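If you're wondering where the values come from, they're calculated on a predicted model, not measured in any experiment.
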Amino acid sequence: MSGSPADAGDADGRRRRFAAPPRGGRAGAGAVSIFAAASLGLAPLSLALSGALMGAATPALAQAYAQAVPSGPPIRLFPPPERMAVPDVERGAGRVLDDPLASPGPSAAPLSPTPPAHTPSFDVVPTVAPPSAIAVETLGPLDPDGAGPLAGPAGLGGDPWRGIPRAEVLALLPELPTLTPSPAVKELQRRLLLSRGSPAAAPGAPEPARRFGALRVEKLAAMGDPRGAADLAALLPEAMMADEAAARALTDAELLAGPLDCAAATERAKPFSGPYWQRVDLFCRLRAGRVGGVPPMEAGAGPAGDDLAFEMLREQPGGDPDFLRVAEAMAGGPAPRLRSLKDPSPLTLAALRTLQAGLPPDVLSLADPARLAAVATNTAADPATRVMAAERAAVALFLDSRRLEEAYRAAPAKGDELLRLKDAAARDRTARTRALVQQAMLGAMGGGRRVELAGLALELLDPPMLAGPVGAVVADMLDTLSPTPDAAALAPAAARLCFALGRADKGKRWHDLALRSRPTAEVARLWPLAVIALGPPPGGGALGLAGWLDESLRGADLEARGRVAGQLALLQAMGVAVPDEAWRKTADPEETASTLSAPMPADARPPTADPALWRRLVEAAADRRVGETALAALLLLGNAGPAGTPPAVVARVVGALRAVGLDSDARAIAREAAAALAG
């Protein structure tokens, strides 16, 4: 049927408007929007608005567009409205959807049950397994004591205390070591206490007398980590407000390490009262009142405001008379003359250090390394007293190598002692001799003399000193030497020291020099330590397991064979395959061959190990309970550390830590034990 000319013109106009632009051409935004609106079946109002927008374009743009659009039938940008079939999941048959381009309406035609002519393939549709059963569990309130500065890999994982009841943890925490000479043990214990997470209470268990968070703070303070204890305490305000013992332990640790954060201590003391906190407050006020290092009385501002505080503290029973005498000196009184300080309080030692007052020699009778560290950092102390206190504190890891070096340099030499150090070292292995060797090394210029002094320093190191600050001071001396043939005599001991400290690269250079220069039993003893520190060398290296055994057991007595067996146990715990023949070689030749026909079973308990802790370690490691495994391992090592614990126990600890993913801690502990056995 034909229409009028006007209709034909309108149709041509519509064709021109709706025609697609030629390939490579570009239509105006208004044309595209109108075409899209028409294709999607939008309301006429939308078309009108789009037309209005297009009409707003400039005439030149409209003319250019009209020239770019060819005449002809409209080109469809969408596929034809075929019926598309999708599976009916509920009925298992295909169902047909209406034309997706058609406008929805209230009277849409019903879906036709007729199957499609071409059923799509479902070969690429993955098979989804049915969901597993969901266990619903009622969660209790979040434990505020589970806060900690370390989370995830920085600590001991996401849920370190899984599987051990809270009551058992609270009973074992106070037994953790505080005087260990092992940096590896101390670092593992620090991360255990600072890790986020807390043990769950058993159903119906009563509230404990002391909270988990407070016990953690107290233990960190006792082991010489006041900074970590303060960081943890800041996250546990409720626990700290209810536990005066933890608050005092943290304050004492900060006093001894110095300087005390008086603002934090004042805030910490608010829930409590008593003479102790009054003395802390007095100390803080006196320290703040010092003007340019001159007591207030000498500066013209007397201690009138503190007179009442002094009187009250003097009248209270169980006071601290030594602190009061030092406090009076801080307030402008005469300098204290203390003839004896057998049991000084942390406040007294902190006040003496603030006042720069001397200390009597009997402070060396102290057994507490934290208080010995306070003595060592008092520069007014007698140098001999200071160096002895510094080294004892450093061995227990309460003083770092930098402050130990400062104390070493303060020890005075008498006469020509620095020239006769070899004779002195033969008869005196004390801190003073090590300090003199350090001073002589600082002044030595010749290469031969420096090698000789470094050798003396290495000889004066006892096994518990290797991995700590004392060993670090000697290693710093070695850094001034090059591992050249001139220093070959030092190579075995230098490699042992560097490996013990975890300085693998430097240890390897000295170890390579030892292998090239001194292929002796002394060098052979280093092979297990090198394997633990560096990993097994390709092909077993120059010695290998068999070569090391043959060299180490040649002419060995029963004690030496025991050391070799301990090294074998450590290697096996670190994943090195140890054949049965190797174990048989370590047996006493006079014993029968069946005595050590096979390695010790993994769960065999050495007679010196606590049976309850041993069983706990084995079971916790098998169930991958990280926190409980670390707790049992630390308790088994105790204050002796890896260097002073039987190798069989250390090997079991190492294997258990590796089983729960604490590989770096296991390697550090095995390294320290192997360094002690290699001497």
Quiz item: Short question: side chain of Arg216, backbone of Asp145 - any donor-acceptor pair under 3.5 Å?
Solution: yes
Quiz item: With side chains defined as the heavy atoms from C-beta onward, is the minimum distance between Leu193 and Asp225 less than 4.5 Å?
Solution: no
Exercise. Decide yes or no for Trp614 and Val618: does some side-chain heavy atom of the first lie under 4.5 Å from some side-chain heavy atom of the second?
Key: yes
Quiz item: In Å, rounded to the nearest 0.5 Å, how long is the span from OG1 of Thr266 to CG of Asp281?
Solution: 6.0 Å
Self-check item: Any side-chain heavy-atom pair of Arg279 and Leu282 under 4.5 Å
Solution: no
Practice problem: Mind listing the closest non-hydrogen atom pair of Pro226 and Ala253 along with its distance? | Solution: CB-CB, 3.9 Å
Self-check item: Residues Glu267 and Lys270 bridged, charged N to O under 4.0 Å
Solution: yes
Quiz item: With no hydrogens and no angle check, is any side-chain donor or acceptor of Asp462 less than 3.5 Å from a backbone partner on Pro464?
Solution: no
Quiz prompt | Side-chain heavy-atom pair Val473, Arg434 within 4.5 angstrom cut-off | solution = no
Quiz item: Does Arg196 use its side chain to pair, donor to acceptor, with the backbone of Gly146 at less than 3.5 Å?
Solution: no
Quiz item: So Thr354 and Leu286, side-chain contact (heavy atoms from CB on, under 4.5 Å) or not? Walk me through it.
Solution: CA-CA 10 Å; Thr354 302; Leu286 290 173; over 6 Å; no
Exercise. Work out which heavy atom in Ala621 is nearest to a heavy atom in Ala656; give both atom names and the distance.
Key: CB-CB, 3.8 Å
Quiz item: Does the pair Met465 and Val395 meet the rule for a side-chain contact (heavy atoms from CB on, under 4.5 Å), with working shown?
Solution: CA-CA 6 Å; Met465 299 176 176; Val395 169; 4.2 Å; yes
Quiz prompt | Exercise: identify the closest heavy-atom pair between Pro361 and Thr385 | solution = CA-OG1, 4.1 Å
Self-check item: Leu188 side chain reached by Leu657 side chain, heavy atoms, under 4.5 Å
Solution: yes
Self-check item: Modelled atom types, side-chain donor and acceptor of Asp362 and Ser340, under 3.5 Å
Solution: yes
Quiz prompt | Arg667 and Asp663 ion-paired at < 4.0 Å | solution = no
Practice problem: Give, for atom CG of Leu397 and atom CE of Met223, the distance between the pair rounded to the nearest 0.5 Å. | Solution: 9.0 Å
Practice problem: Dump the intermediate steps for side-chain contact (heavy atoms from CB on, under 4.5 Å) on Phe283 and Val326, then the final yes or no. | Solution: CA-CA 10 Å; Phe283 169 77; Val326 181; over 6 Å; no
Practice problem: For the pair Arg371 (side chain) and Pro344 (backbone), establish whether a donor and an acceptor sit closer than 3.5 Å, ignoring hydrogens and angles. | Solution: yes
Quiz item: Within a radius of less than 6.0 Å around CD of Glu238, do more than 12 heavy atoms belonging to other residues, nucleotides or ligands occur?
Solution: no
Quiz prompt | Interatomic spacing from CE in Met574 to CD1 in Ile532 - rounded to 0.5 Å | solution = 6.5 Å
Self-check item: Exam field: side chain Ser195 to backbone Leu156, donor-acceptor pair closer than 3.5 Å
Solution: yes
Exercise. Rounded to the nearest 0.5 Å, what's the gap from CG on Leu255 to CG on Leu250? Could you check?
Key: 9.5 Å
Self-check item: Exercise: do Arg353 and Thr377 side chains pair donor with acceptor under 3.5 Å
Solution: yes
Quiz prompt | disulfide bond (SG atoms under 2.5 Å apart) contacts touching residues 229-289 (sequence neighbours left out) | solution = Cys262-Cys284
Quiz prompt | Nearest-0.5 Å distance that lies between atom CG in Leu613 and atom CG in Leu636 | solution = 5.0 Å
Quiz item: Can you check whether Phe499's main-chain N or O pairs, donor with acceptor, with Arg671's side chain at less than 3.5 Å?
Solution: yes
Exercise. Apply side-chain contact (heavy atoms from CB on, under 4.5 Å) to Arg210 and Leu170, showing your working.
Key: CA-CA 8 Å; Arg210 300 189 65 190; Leu170 296 183; over 6 Å; no
Quiz item: Are the side chain of Asn639 and the backbone N or O of Leu179 linked by a donor-acceptor pair below 3.5 Å?
Solution: yes
Self-check item: Short side-chain donor-acceptor distance under 3.5 Å, Ser345 and Asp320
Solution: yes
Quiz prompt | Asp479 with Arg503: basic N within carboxylate O range, under 4.0 Å | solution = yes
Exercise. Using a 4.5 Å cut-off on heavy atoms from C-beta on, say whether the side chain of Leu677 contacts that of Leu570.
Key: yes
Quiz item: Considering only heavy atoms from C-beta outward, does the side chain of Pro183 approach that of Glu672 to under 4.5 Å?
Solution: yes
Practice problem: Would you confirm whether Lys219, through its side chain, and Gln189, through its main-chain N or O, come within 3.5 Å as a donor-acceptor pair? | Solution: no
Quiz item: Any ring pair (Phe, Tyr, Trp, His ring centres under 6.0 Å) pairs touching residues 192-224, not counting sequence neighbours?
Solution: Trp161-Phe212
Quiz item: Does a side-chain N-to-carboxylate-O contact under 4.0 Å join Arg227 and Asp261?
Solution: no
Self-check item: Ion pair check, Asp243 and Arg211, cut-off under 4.0 Å
Solution: no
Self-check item: Approximate separation, where rounding is to 0.5 Å, of Ile669 CD1 and Leu634 CG
Solution: 7.0 Å
Quiz item: Does Ala357 offer a backbone N or O that forms a donor-acceptor pair with the side chain of Asn378 under 3.5 Å?
Solution: yes
Quiz item: Is the side chain of Arg287 donor-acceptor paired with the backbone N or O of Leu260 at a distance under 3.5 Å, no angle test?
Solution: yes
Exercise. For the residue pair Ile164 and Arg616, establish whether any side-chain heavy-atom pair is separated by less than 4.5 Å.
Key: yes
Self-check item: Arg162: salt bridge (Lys or Arg N to Asp or Glu O under 4.0 Å) partners, not counting sequence neighbours
Solution: Asp623
